[in-house]
Structure formats: C-alpha cells, structure tokens
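Notes for the one structure printed next.
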Amino acid sequence: SDFSRRSARLSSPRRSSRRRYRRGIGRVRIGTRCCTRSLVRSAKMLLLAVGLMAFLLILGLWCAARRVNPDDETTILGVSKVGLLCKLAFVFGWRLPQFSSKRFLLFPSGSATSISAGDMVAYLLARGAPQGTLIVAFSGGAVNKVGIPRHEFRRTISSCPTASKCDQCYVNDPSGMSFYSHELSAFSETLRAVCAQYAHCVFVGNCMGATAVLRFADLMPSAGSTALAFNPEVDPARDVRRPSFLLAALLQPLTTWRLRSELHLSVRKSVGRVQVHSSTWPPELAQARRLGCDLELRAVASSEAACCSALDEVDTCERLMDRRIIARLVHADCSTHALLAKVMRPKGGLVAVLERAVSRTHLKAPAHYTHAAGRGLGDAQMVRGGS
C-alpha cells in the first residue's frame, strides 16, 4: 500500500542520514550564532574597558598638566616631565596658563633677577623712551625634550664683554613642537611690545629657536638689529632625519606647510640684518638652504678669528651691494648632527658672532639698507669657499 511504501522510504538509511545531517547542521548554526554573539559581547566589553581606561588616563594627564610646575626638572624615562606634558597639552589643545605666563623671562642689564611676562611690559613702559639694545634668545625644541634650560645662551652672553651689558629676554615654546605657532597672536603682540621699548634688538636661537628667529625677524625695530639663526628648521615636512619633525608635520600639516613661506615673508619684511649659520651635515644644510640667501660663505671655521673674518666679508659685501643682505655661513668643522652653537662656544666663534651683532647696533646703517623686493628668496647670489 501507499502507507507501507511511504514508511519504507522514511525508514530507509538514506533518509535517516539526511535527517541526522540536517539536525547536525542546525546545531552547528545555533552554536555559531551563540559563539558570534558571545564574541561580539566580549568585544564590546573590551572596547568599553579600553575606552574607559583611555578616558581615565587622559583625565589623569590633564590634571597633571594643570598642576605641573613649569620649573619642574624631573624626568620620565629620560624625557623631561614638563616637556612630555606640554606636548600632550599641545596635541589635545589644552590651555596651560601657568606656562603662558612664563614664556618670557626678562633679565635687566646687570641683574640676576628675572621679570616674568605679567610685569615685563609695565616695567619697560615705566622706563620712558625706547633705548639700548635687547638680546632675545629663543629656546629650541629640545628645551622640553631633554631638559635643556630655556636660557641656554645666558652663560655665553654673560661671558661677552659688550653683550653682557644688554638687557636679555629668554622665551620658549612650551609645546616644543609647534615652531612657535602656539598661541601665535598673543605671543607676537607681547614680543612686539617688548621690542618696541628698545632702539635695537639681537635675536638668537638654535634649531627650532632659529626658526623663531626667522619667523619674528620682522619685529626687529631698526636697521642696526641682527637676527642670528643657527641650524634653523625651515621645512619640517621635508626633513626625514628626525621622527619628531615628521610627527609635528602630521599633527599640524597646515602649520608646517605654511612655515617656509611665512619665514620668507618675515625675513623679506625685516629691517634688520639676517645671518643663518649652518653645519655641513647634509640634512641641516639642506634645511638652511630652503630659506635662500644673497651670500653664502662656505668652509667657515668656528674659531673666533675665522668667524670675524667671515663677518668682515659680509660687511664688505653689504657695502659693495649698497644694501642689507641675507648671509649664510656654513661651518666646515661641524659635519655631523650636533648643536652648532655648542660646537662654536668652546672655540670662541659664538662669542665673536654675538659681540659683532651687538657692536653693530652702535653703528648707523644707511637709511636705504633694506632687502630688495624679491631678493633673499632664491639661491645664493654670491658664493665663496669650497663645496
């Protein structure tokens, strides 16, 4: 009968194996769904835990940054604690009022006591008409990375017979990586107000501090002023020697992309002299040459006599061209990565350069001493020395 045949088909081994197979597949699917749900639930819990830990970590760093003392010299794994917190504050956009008030330190001539930014402008205004020479020393990026004090040039300036008699202002960039674009508007206004109280200024800086020298060169008040930039960082995005510069370029692409053009514009508008000192190490020399100049003196030694001779050539070139020029001095005895100013200091070259810059403020420059429009932006017009 039909019923018997149907029963036989259902009870056949093939049918039984199919039923077992389907039941097994069903169980596998159910197990897979349960496992997937369990994995998703675990992943959500893990992400939640990681997010909570990251939030607590950032909150702790924010609290530490708000409470840290700018004069704290402790280190974490060899890195300055203050520098690390300042860099994190810059990346996350946190404001640190205690650092903003100490970006400037003014040491009046013959005084070992400094005046902070809050009282500095009022002190200078109380003196009356602009007079004398001010030396402005810009700290490099290493000031907050390896603990170099912000007044890194103070010892050298104190050993200079003429420069030591000038007022000295030491400034820094708390972030150590913004190339002095951090709170740029407020910083520029304060620096402009300070420089306006002096007849002449001498700007000096190394590495990122040299970048600041060029960035603010247009704030120098007179033709007798001088900007001294040692190994400036001009185009960070093209500098592959240091991961920190590439990181800075990634974190602030617009700032680093515009940096070179801003330096060009500031140097061109400056009424003072501009000198760029570079080592012969290819990456540093390439950065210095990204700025362009009118005169390049190669194979300059870092001794006092050699620097004085090179500066005499710069003065002669200015008289022949009847205008102020942008000069680049390449120091042959510094061929590896190093702080050029530190190499020049023991050999007497740094003191000679500073003394010449300060002594030039007492000489009256011709009224037409200025950069020719468009000059100083390309390759050197005149070159002396070996390759």
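A quick note: this is a predicted structure, and the numbers were derived from the prediction, not measured.
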Give the C-alpha distance, both sets of side-chain angles, the deciding distance and a yes or no for side chain to side chain donor-acceptor pair (under 3.5 Å) between Ser278 and Glu284. CA-CA 7 Å; Ser278 172; Glu284 290 179 339; 5.8 Å; no
Could you give me the CA-CA distance, side-chain angles and deciding distance for Leu124 and Tyr198, then say whether side-chain contact (heavy atoms from CB on, under 4.5 Å) is met? CA-CA 9 Å; Leu124 294 174; Tyr198 291 87; 3.2 Å; yes
Test side-chain contact (heavy atoms from CB on, under 4.5 Å) on Gln168 and Leu106 and set out the steps. CA-CA 6 Å; Gln168 303 160 30; Leu106 176 68; over 6 Å; no
Dump the intermediate steps for side-chain contact (heavy atoms from CB on, under 4.5 Å) on Leu48 and Leu52, then the final yes or no. CA-CA 6 Å; Leu48 181 62; Leu52 181 60; 5.6 Å; no
Pair Thr156-Ser159, side chain to side chain donor-acceptor pair (under 3.5 Å): steps then yes or no: CA-CA 5 Å; Thr156 302; Ser159 64; 5.3 Å; no
One pair to check against side-chain contact (heavy atoms from CB on, under 4.5 Å): Leu214 and Phe203. What are the steps and the verdict? CA-CA 9 Å; Leu214 301 175; Phe203 288 179; over 6 Å; no
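Using a 4.5 Å cut-off between side-chain heavy atoms of Ile, Leu, Val, Met, Phe, Trp and Tyr, with links allowed through other members, Val202 and Val351 fall into different hydrophobic clusters. Both Ile58 and Phe55 sit in one connected hydrophobic cluster of ILVMFWY residues. Membership requires side-chain heavy atoms under 4.5 Å apart, directly or through other members. When hydrophobic clusters are built by joining Ile, Leu, Val, Met, Phe, Trp and Tyr residues whose side-chain heavy atoms come closer than 4.5 Å, directly or via intermediates, Leu285 is not grouped with Leu291. Grouping the Ile, Leu, Val, Met, Phe, Trp and Tyr side chains by contacts below 4.5 angstrom, directly or via other members, places Val330 apart from Leu350. Side-chain heavy atoms closer than 4.5 Å link hydrophobic residues (I, L, V, M, F, W, Y) into clusters, and following such links, possibly through other members, connects Met321 to Leu297.
In this structure, the separation between CD on Glu313 and OG1 on Thr316 is 7.5 Å, given to the nearest 0.5 Å. Interatomic distance, CG of Leu184 versus CZ of Phe187, reported as 8.5 Å (0.5 Å rounding). Rounding to the nearest 0.5 angstrom, the gap separating the CE atom in Met344 from the OG atom in Ser303 is 9.5 Å. Expressed to the nearest 0.5 Å, how far CD of Glu318 lies from CD1 of Ile325 amounts to 5.5 Å. For the atom pair CE of Met120 and CD of Gln197, the computed distance is 10.5 Å after rounding to the nearest 0.5 Å. A distance of 4.0 Å separates CG in Asp173 from CE in Met208, rounded to the nearest 0.5 Å.
Using a 4.5 Å cut-off on side-chain heavy atoms (C-beta onward), Val204 and Phe230 make contact. A heavy-atom distance below 4.5 Å is not found between the side chains of Thr190 and Arg103.
With no hydrogens or angles considered, no side-chain donor-acceptor pair links Thr133 and His200 at under 3.5 Å.
No donor-acceptor distance shorter than 3.5 angstrom exists from the side chain of Thr162 to the backbone of Glu355, with no hydrogens or angles considered. Between the side chain of Thr280 and the main chain of Cys334, a donor-acceptor pair closer than 3.5 Å is present. For the pair Arg215 (side chain) and Leu263 (backbone), a donor-acceptor distance under 3.5 Å is absent. With Arg260 contributing its side chain and Arg290 its backbone, the two residues share a donor-acceptor pair below 3.5 Å. Judged purely by atom type and a 3.5 angstrom limit, Asp218 has no side-chain atom pairing as donor or acceptor with the backbone of Lys269. A donor-acceptor contact shorter than 3.5 Å links the side chain of Gln287 to the backbone of Asp235. Under a 3.5 Å cut-off, the side chain of Ser302 and the backbone N or O of Gly349 do not form any donor-acceptor pair. The closest donor-acceptor contact from the side chain of Arg273 to the backbone of Ala223 lies under 3.5 Å. Side chain of Ser266 to main chain of Glu262: no donor-acceptor pair is present (N/O by atom type, distance under 3.5 Å, no hydrogens or angles). Distance alone, capped at 3.5 Å, is enough to place a donor-acceptor pair between the Asn231 side chain and the Ser279 backbone.
Ion pairing of Arg356 with Asp312 is present here, as a side-chain N (NZ or NE/NH1/NH2) and a carboxylate O approach within less than 4.0 Å.
Using cut-offs of 30° and 60° on the angle between ring planes, the pair Tyr180 and Phe216 is perpendicular.
In this structure, Phe153 has its ring center no closer than 6.0 Å to that of Tyr170.
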